[in-house]
Each structure stands twice: as C-alpha cells, then as structure tokens.
Amino acid sequence: DQQVKQNSPSLSVQEGRISILNCDYTNSMFDYFLWYKKYPAEGPTFLISISSIKDKNEDGRFTVFLNKSAKHLSLHIVPSQPGDSAVYFCAAGTPNTGNQFYFGTGTSLTVIP
Amino acid sequence: SQTIHQWPATLVQPVGSPLSLECTVEGTSNPNLYWYRQAAGRGLQLLFYSVGIGQISSEVPQNLSASRPQDRQFILSSKKLLLSDSGFYLCAWSGRLNEKLFFGSGTQLSVL
C-alpha cells in the first residue's frame, strides 16, 4: 500500500515561473517530511525538510508547505530554472520512533528555457 | 565529513546468477543503513534497513537478502537473480536521529 503519493508523474514549467509539486500521505502519524531531487543515474540529493510542528519552511528558491489536516505537502520552486529539471521525490516518516521514511513515486519536472 | 560509497555503478547479469552489491559509509559511526530500489517508472521502494551490525529488517519479500558484517558496511545479495530484479539500487545512511537520508550514487542492475 502506497503511504506517500505523488499523483502527477510529470510537470512542465517555463523558466522563471513557479513550479509546484504536490505530495499526499495517508498515515497521520508521519511527523517529518523530506523532498529530494534526483538526476538520471544518480542518487537522490536532499533538498528541504519540514516537521509537523511547522506549516512552512523556506530555503532560497525552495519552499515546502505542509497541511496536516489534509495530509498534503507541496514544494514550490520560484523562480524555476532549467537546472531544476529532475525527478522530485517526497518522503514522510516518524524518525523519532525509529521508523523508516516512505517515498512517493516521484514527479519529473521539466523547466523549459 | 561523511561519505557513502556504492559499487559497482552498473552491472549486467544473466538470470539465475548471484548478486553482491556493496555499500560503505565513512566519517560516521553506528549509522542506520538502507537499501532502496527504483524500478523503471516507479518510485523508491525500501528493501532493507539496519540499525546495527547483524540487525536487518526486510520491508518487501523477495529473493534478495542483506547483511551488515561491519558497522559501516551494508551488502545486498541474491543467490539467483530474476528478470524482475532489474532496477536502480540505492544505498543510503542516516544518523541516529534519522532525520535525513544520504544516498549513494546507485547501481544500475540489468538482469538479462
């Protein structure tokens, strides 16, 4: 059963515009959330995280929003750049309990110059 | 600083052959270790994780196995590969607080 879902397999955005990547989860016990960026044939690299005590976390062009009641989080990239073209994975878990992170299926972002 | 090494980068194996993928972590002690697989067109599936030497938890039943003979070494094995074992295998580690995973560069396995 997929506990973390990314329902959009792909997204195309013009350079300079906002990219919004969405992620839904089913387990209300999840209290820590991560976003990773992955290029082909490489391992994912960490982008940004958020804990359930916050509803927003910002790092440069990247902002993650968390809506606990809706069990939904999103990653905003503003402005989008061609180098942002990659597959983005969200992950959710309960690290304080020693449990594992569960990943979504990924969204392939293409930023068009 | 901490680094994670995973090899080989690519591997082509015939069906029924054995498999051994190795992962080592440097610059930290007592890490949590993980094996993930990304099959074609799919997300990251957790296969195994380990919180200590000799302690392995399996998330998905399959013909793969994992071992942790040393604190910072994690090995993924199979006695007989299946076609469905093809995919991109990723090793990862996290600290004891487990708040972030650090991934290796991955192994592209093709079973023919």
A:F89 CZ to B:F103 CZ distance, which is reported to the nearest 0.5 Å: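 CZ of B:F103 is found 8.5 Å from CZ of A:F89.
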Point-to-point distance, once rounded to the nearest 0.5 Å, from OG1 of A:T105 to CD of B:Q38: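 Answer for the OG1-CD pair, A:T105 versus B:Q38, is 10.0 Å.
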Closest heavy-atom pair and its distance - B:L90, A:G43: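 Heavy atoms of B:L90 and A:G43 come nearest at CD2-CA, 3.6 Å.
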Close approach to chain B in residues 60-81 of chain A, criterion heavy atom under 4.5 Å: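 Residues in range: none.
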Is it true that [X] and [Y] fall in one hydrophobic cluster, defined by side-chain heavy atoms closer than 4.5 Å?
{"X": "B:L83", "Y": "B:L19", "value": "yes"}
{"X": "B:L11", "Y": "B:Y89", "value": "yes"}
{"X": "B:Y49", "Y": "B:W93", "value": "no"}
{"X": "B:V51", "Y": "B:W35", "value": "no"}
{"X": "A:V111", "Y": "A:W35", "value": "yes"}

Which atoms of B:L44 approach chain A - backbone, side chain, both or neither, heavy atom under 4.5 Å: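 Looking at B:L44, backbone and side chain both touch chain A.
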Aromatic contact, B:Y34 with A:F101 (centres under 6.0 Å):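 No.
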Residue-level contacts of residues 104-111 of chain B with chain A, using a heavy-atom cutoff under 4.5 Å: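 Heavy-atom contacts from residues 104-111 of chain B to chain A are B:G104, B:S105.
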Main-chain N/O of A:F103 paired with B:Y36 side-chain donor or acceptor, under 3.5 Å: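 No, because the side chain of B:Y36 does not come within donor-acceptor range (under 3.5 Å) of the backbone of A:F103.
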